[in-house]
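Reading through the structure tokens given below for one structure.
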Protein chains: 2
Amino acid sequence: MAQDATDTPSAPGPVVRRATIKDVAEMAAVSRSTASRALTGRGYVAEGVRSRVLAAAEKLGYVPDATARHLKQQVSLSIGVLVSDLRNSFYAELAAGAGRASREHGYSMMLADDGGLVDDEAGAAEAFVALRVAGVVVTPVSRAVTDYLRRHGIPAVEVDRQFAPDECDAVVVDNRAAARRVTEQLTGLGHRRIALFIDETDWTTGRDRYWGYRAALDAAGIQEDPSYVVSSGWDIETAYNAALRLLDTASRPTAVFAANNVLAEGVWRAAAQVKLDIPGDVSVVSFDDVPWMSMVTPGVTAVAQDAATLGSTAVDRLLRRISAPAEPPAVDVIPVDIIQRGSVAPPRGT
Amino acid sequence: MAQDATDTPSAPGPVVRRATIKDVAEMAAVSRSTASRALTGRGYVAEGVRSRVLAAAEKLGYVPDATARHLKQQVSLSIGVLVSDLRNSFYAELAAGAGRASREHGYSMMLADDGGLVDDEAGAAEAFVALRVAGVVVTPVSRAVTDYLRRHGIPAVEVDRQFAPDECDAVVVDNRAAARRVTEQLTGLGHRRIALFIDETDWTTGRDRYWGYRAALDAAGIQEDPSYVVSSGWDIETAYNAALRLLDTASRPTAVFAANNVLAEGVWRAAAQVKLDIPGDVSVVSFDDVPWMSMVTPGVTAVAQDAATLGSTAVDRLLRRISAPAEPPAVDVIPVDIIQRGSVAPPRGT
DNA sequence: CGCCGATGTGACATCGTTCCCACACGCCAT
DNA sequence: ATGGCGTGTGGGAACGATGTCACATCGGCG
């Protein structure tokens with residue numbers, strides 16, 4: 001009972017104490033200031049002293065504490081990247097591109113994934129503020145993120161989706177033009193009943209892709225049939241069920257434009273389920289080229305966004321913003337390709 | 001010439017000065033210490049004072065600086081995650097799982113991607129040390145990472161591949177048993193000429209999967225034919241070319257086991273190229289289930305590792321290690337599923 | 001009346017780094 | 001001699017948050 005753990009500390013204590021600049025300085029028999037100058041290369045240091053300090057640092061395995069440096073300098077070398085869903089290869093590629101670009105410029109990447117939820121998005125943004133990242137690249141799901149970040153003085157770049165066009169840098173593709181081109185390919189082949197599967201039609205990418213689709217229909221003199229515009233949200237299951245219903249009717253469309261890769265997957269599975277031949281019974285085109293589209297037979301004709309380039313360009317833009325905070329907001333538009341594969345043909349009977 | 005920028009500072013200066021705890025304290029008319037107690041909930045604070053402080057913090061949009069807190073407390077709330085290739089959906093899922101688990105425990109995730117290169121792996125590890133992360137989850141490509149991290153007192157968990165079995169926690173699957181089961185399925189159907197496509201056969205996952213394959217052959221009384229074991233590295237192109245050569249011969253195998261999803265893709269493309277019917281001419285099984293395998297026709301029978309669970313389990317284990325540094329290293333083995341699809345059939349003529 | 005514990009609060013040192021400044025030399029020009 | 005410069009070094013104050021410690025106040029009890 002009287003025995004007290006504090007009398008005989010059984011734990012061996014901190015086995016490794018991380019070397020600090022003080023340890024380096026002592027080993028090199030100089031002051032902390034001189035050691036710092038030798039290591040950072042700022043200010044005068046005699047050549048002999050410099051090499052002594054460097055040798056000591058090497059010997060001790062000294063790695064400067066980035067958090068302490070940040071605290072002192074009020075400059076961070078991390079950037080935050082916030083995407084909707086890492087499991088979607090579009091976002092994974094985007095993150096990979098952002099990570100590569102960050103590293104090339106000496107930054108580390110803090111990555112978060114908000115599952116497309118506004119609440120999680122806000123939580124991630126707060127974590128980024130707490131960590132005092134140098135800036136944030138985000139595929140936003142609301143306007144709130146960039147507003148919040150701006151209020152805290154953290155520059156942000158919107159990628160893919162754009163909610164604050166006039167106040168925030170952005171990196172996007174020309175969704176409208178691409179959607180129009182790919183839809184015109186269908187009208188050009190004689191399709192008149194063209195369905196659009198889309199997440200929603202009011203915001204950013206969804207709105208623009210919808211407009212592009214409409215523009216192509218208008219140009220071909222086709223009246224829009226609202227029952228062919230399916231807003232089926234963000235998950236495969238919903239798209240699959242909606243596609244099942246639509247494709248299993250007499251008045252089914254002769255072509256389907258899926259406005260992103262998730263919806264395309266739902267459509268593809270549904271078509272397989274009801275045993276429709278692609279492209280014989282129905283042509284399919286997609287926005288977002290992901291790996292499976294080139295693996296299936298026939299391959300899926302798709303608008304290929306270079307997601308990695310979106311990510312790396314966003315980081316480049318962010319770093320430019322950091323070095324020139326006062327410039328007016330800029331938007332980079334990344335070109336897209338339409339990859340022709342076998343999923344498109346003229347409608348039957350033409 | 002005599003004009004001096006410091007006389008008339010033209011820049012508007014820091015437009016937003018981030019609120020610090022000092023600002024909060026002043027607004028609430030208390031000392032920094034009291035404000036800290038009120039905000040962290042440690043120590044005595046009168047109820048009235050507490051609410052005054054909280055109101056001030058709210059009003060100022062105060063977000064505590066995680067780097068400063070870390071510096072003082074010498075405890076970090078970030079964990080590092082290092083994967084080989086974010087573009088590979090296996091790693092992307094793993095990262096997503098790790099990110100989710102981190103966030104659930106209040107940690108942020110620093111993510112890096114080393115492209116499978118030992119040099120980049122070392123660079124990323126150094127960045128993690130500099131940032132003083134609480135721990136690291138890594139899909140290692142060499143033993144060096146975990147050694148390096150240990151030397152700096154940072155706990156690490158190896159996932160997927162395991163290089164330091166006795167010194168480091170790990171989260172893996174039973175590669176050998178899974179490879180054996182899936183190969184036995186082929187021998188059970190009467191296949192005798194079974195090719196193995198594999199990255200390499202000397203280390204960790206490659207070695208274990210190779211052993212599993214061998215064990216299944218041995219059990220079926222099949223002599224291994226070295227020309228059927230193709231070590232084709234880590235890229236699709238190489239695997240594709242190797243598969244082309246192997247499949248386009250008279251003595252081609254009747255079944256192929258691809259030991260990861262990249263190799264499976266190469267094999268799949270090659271089979272399509274030489275117009276082999278799957279499973280009629282050749283059966284195909286894969287290690288790693290990725291999205292395209294369920295999209296193609298026939299679907300690819302595959303060993304499905306739950307990558308997200310690998311990632312989240314690794315984070316759980318890491319956090320347990322952080323709270324109990326002295327315990328002996330532990331290994332979690334995550335169960336796998338074999339997903340039966342249509343790519344497997346008995347060899348022709350049986 | 002003096003002492004106690006319970007309840008609150010503020011001063012100050014600290015974490016690891018940087019960097020401003022003071023200072024110390026040696027050398028040259030006044 | 002004195003001043004000034006170029007070169008080199010160390011002292012010490014930040015950065016923002018935390019936590020130890022001393023102290024202040026109050027009510028109650030011996």
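Residue numbering restarts at 1 for every chain, and letters A, B, ... go by the order of the sequence lines. Note that the structure is a prediction, hence the values are computed from the model and not measured. Both backbone and side-chain heavy atoms feed into the values below; hydrogens, waters and symmetry mates do not.
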*Using the side-chain hydrogen bond (donor to acceptor under 3.5 Å, both in side chains) rule, pick out the option among B:Arg320, B:Arg321, B:Gln162 that qualifies with B:Asp169.*
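The single option meeting the side-chain hydrogen bond (donor to acceptor under 3.5 Å, both in side chains) with B:Asp169 is B:Arg321.
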*Given that A:Tyr62 and B:Thr34 both sit by DNA chain C, which one's nearest nucleotide is further toward the 5' end?*
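Final value for this comparison: B:Thr34.
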*Nearest-nucleotide comparison on DNA chain D, the residue closer to the 5′ end among A:Ser31 and A:Arg132*: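 The answer here is A:Ser31.
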Is the distance from OP1 or OP2 of [N] to the nearest side-chain N or O of [X] less than 4.0 Å?
X: B:Gln73; N: C:dC15; answer: no
X: B:Tyr44; N: C:dG5; answer: no
X: B:Thr20; N: D:dG16; answer: no

Whole angstrom is fine here: how far is it from [atom1] in [X] over to [atom2] in [N]?
X: A:Arg37; N: C:dG16; atom1: CZ; atom2: P; value: 20 Å
X: A:Arg69; N: D:dA14; atom1: CZ; atom2: C1'; value: 17 Å
X: B:Leu39; N: D:dG16; atom1: CG; atom2: P; value: 16 Å
X: B:Glu47; N: C:dT7; atom1: CD; atom2: P; value: 14 Å
X: A:Leu60; N: C:dG16; atom1: CG; atom2: C1'; value: 15 Å
X: A:Arg32; N: D:dA14; atom1: CZ; atom2: C1'; value: 12 Å
X: B:Asp23; N: D:dG16; atom1: CG; atom2: P; value: 9 Å
X: B:Asp65; N: C:dG16; atom1: CG; atom2: C1'; value: 14 Å

_Minimum-distance pair of heavy atoms, taken over all atoms of A:His70 and A:Leu131_ =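 Looks like CE1-O, 4.0 Å.
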Heavy atoms under 4.0 Å, any strand shown: does [X] hit a base, just sugar-phosphate, or nothing?
X: B:Ser33; result: base
X: A:Arg42; result: sugar-phosphate
X: A:Thr40; result: sugar-phosphate

Check whether [X] reaches the backbone of [Y] with its side chain - one donor and one acceptor, N or O, closer than 3.5 Å.
X: B:Glu158; Y: B:Ala164; result: yes
X: A:His152; Y: B:Gly61; result: yes
X: A:Arg103; Y: B:Asp113; result: yes

*Between D:dT18, C:dT17, D:dC15, which nucleotide has the shortest distance from any of its atoms to the side chain of A:Leu71?*
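Output: D:dC15.
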*Output the single nucleotide from C:dC15, C:dT18, C:dT7 whose closest atom is nearest the side chain of B:Gln74.*
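Of the candidates, C:dC15 comes closest.
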*Any N/O donor-acceptor pair, A:Lys72 side-chain to C:dT18 base, under 3.5 Å*: yes
